[in-house]
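What's counted below: heavy atoms across the whole structure, side chains too, no hydrogens, waters or symmetry copies.
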2 protein chains.
Amino acid sequence: MNHALDHIVAALKAAREKKGMSQRELSSRTGLPQPKISNLESGSVDPRLSSLVALARALDLEIELVPRRALPAVETIVRSAERREVTKTTANEVRKLASALQSIGRTPIPRGIIDQTLNQLRMIEHFPLSAEQLEAIQKFNAVLKLSDADELDPATLNRHIKSVSGIRNQLAHNPPPALPPRPAYSLDDDEEEEDNA
Amino acid sequence: MNHALDHIVAALKAAREKKGMSQRELSSRTGLPQPKISNLESGSVDPRLSSLVALARALDLEIELVPRRALPAVETIVRSAERREVTKTTANEVRKLASALQSIGRTPIPRGIIDQTLNQLRMIEHFPLSAEQLEAIQKFNAVLKLSDADELDPATLNRHIKSVSGIRNQLAHNPPPALPPRPAYSLDDDEEEEDNA
DNA sequence: CGATTTGATACCTTATTCGATATCAATTGG
DNA sequence: CCAATTGATATCGAATAAGGTATCAAATCG
């Protein structure tokens with residue numbers, strides 16, 4: 001495998017992981033078999049363009065040809081978009097959990113606890129979350145989706161609620177830094193290169 | 001062939017043509033056989049990533065994965081870079097011609113004509129040229145490179161000199177528009193998309 | 001008109017992706 | 001501890017890109 005290819009491949013893998021998507025889920029969205037995706041990500045194949053495009057589109061990405069001299073500017077914009085992508089994803093996940101909690105009927109635990117958790121979520125929603133924090137929220141969502149919450153094991157439910165409290169405390173005592181105010185790309189550099197034949 | 005692939009392929013072909021590079025020249029730079037490049041550009045194959053990367057690099061391009069929401073901004077930057085690429089190329093070509101003319105010894109035509117042409121070139125250098133105009137300059141360069149100019153057919157030389165005058169007159173009477181003052185990309189849009197599972 | 005350049009086709013052999021399926025080790029969750 | 005999920009491997013036939021070489025029609029140019 002060529003070294004230049006890893007760049008693309010690594011970006012695809014990172015994009016999948018950032019979305020919390022498994023290889024099998026990506027497989028079902030693209031039609032590519034899961035083992036193929038594994039091979040691809042490990043850099044042991046030289047994929048065809050159609051495979052790349054299929055994967056990229058399933059991950060909300062496009063393949064673009066960029067003039068070398070425009071690379072710095074483009075990369076700055078891409079990174080900035082990725083940052084926002086993450087925060088949007090987490091916010092959506094948090095809101096989803098809140099609405100799921102709000103709409104449950106009888107619960108195996110006191111109502112007040114649920115309400116308190118909802119308040120915490122309303123705060124959490126406005127922060128960028130770490131990968132671990134996001135994962136915790138997603139797992140809570142997963143169990144609620146499966147079990148409809150009123151027929152849920154009280155211990156399990158309590159564990160998840162505790163993890164929400166934990167996240168709130170982390171954010172309150174150790175808030176993540178805000179986004180940098182201005183991205184540092186430039187359109188107006190002007191180097192001269194000689195090009196004689 | 002998939003429709004999504006044409007986008008990349010067409011961009012590669014356009015980039016090659018804009019640089020005035022023949023398929024054979026690109027072939028020798030990349031190691032890919034010329035018929036393969038022809039197939040590729042005609043969209044009749046589904047190339048492997050390594051082929052794409054080889055072609056792209058020979059054309060001063062990089063393959064990048066861009067989040068869909070960042071596409072408008074990225075495309076604006078790419079286009080802006082391409083515009084500057086073109087004007088830089090033409091300026092180089094014009095300067096090359098000027099220096100070639102300046103350094104010729106005995107000429108089959110009056111010295112004053114040569115000097116007048118040099119003056120015209122000094123003006124032309126500062127304009128973005130059309131494809132046809134650029135081509136004319138390149139052809140003049142080509143014959144000078146081959147024949148060392150003092151052993152040149154006077155008629156041929158005169159024809160090229162006339163074409164330079166023609167370009168100057170076109171530019172003087174019908175100047176091309178300047179570049180737009182500010183590219184219209186934005187980093188601060190904020191649409192909401194729903195994403196429920 | 002003859003010579004050159006350019007892009008397109010055709011043909012071959014070899015190498016490798018593709019697609020499908022099965023399986024395994026490791027991790028995670030109840 | 002058992003069950004489920006995840007990513008990695010292996011295998012197999014079919015499809016096809018890669019790589020090389022030869023050739024052709026059209027345009028360009030002297």
B/S/- along nucleotides 25-30 of chain C (protein heavy atoms under 4.0 Å) is ---SSS
Under 4.0 Å protein heavy-atom contact, by nucleotide of nucleotides 3-8 of chain C - B base, S sugar-phosphate only: ---BBB
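Checked options A/Gln23, A/Lys13, A/Lys36; the residue passing with A/Glu41 is A/Gln23 (criterion: side chain to side chain donor-acceptor pair (under 3.5 Å)).
Under the 4.0 Å criterion applied to side-chain N and carboxylate O atoms, B/Glu25 and B/Arg16 are not assigned as salt-bridge partners. Ionic pairing of B/Glu82 and B/Arg79 is not present here: no N-O contact between side-chain nitrogen and carboxylate oxygen is shorter than 4.0 angstrom.
Between B/Ala58 and B/Thr30, the closest heavy-atom pair is CB-CG2, 3.5 Å. Annotation for A/Pro67 and B/Val78: closest pair CD-CG1, 3.7 Å, computed over non-hydrogen atoms.
The nucleotide whose nearest atom lies closest to any side-chain atom of A/Ser51 is, among D/dG19, C/dT21, C/dC18, C/dC18.
Distance, A/Leu55 CG to C/dT17 P: 15 Å, rounded to whole Å. Between the C1' atom of D/dT16 and the CG atom of B/Leu40 lies a distance of 13 Å, rounded to the nearest Å. With rounding to whole Å, A/Leu32 atom CG is found 9 Å from C/dC18 atom C1'.
Each of A/Arg48 and A/Lys36 was matched to the nucleotide of DNA chain D holding its nearest heavy atom; the match closer to the 5' end belongs to A/Lys36.
A distance of 10.5 Å separates NZ of A/Lys162 from CG of A/Leu157, quoted to the nearest 0.5 Å.
B/Ser51 places no side-chain N or O within 3.5 Å of a backbone atom of B/Pro47 that could act as its donor or acceptor partner.
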Stepwise, does the side-chain contact (heavy atoms from CB on, under 4.5 Å) test hold for A/Val164 with A/Leu121? CA-CA 8 Å; A/Val164 171; A/Leu121 286 175; 4.0 Å; yes
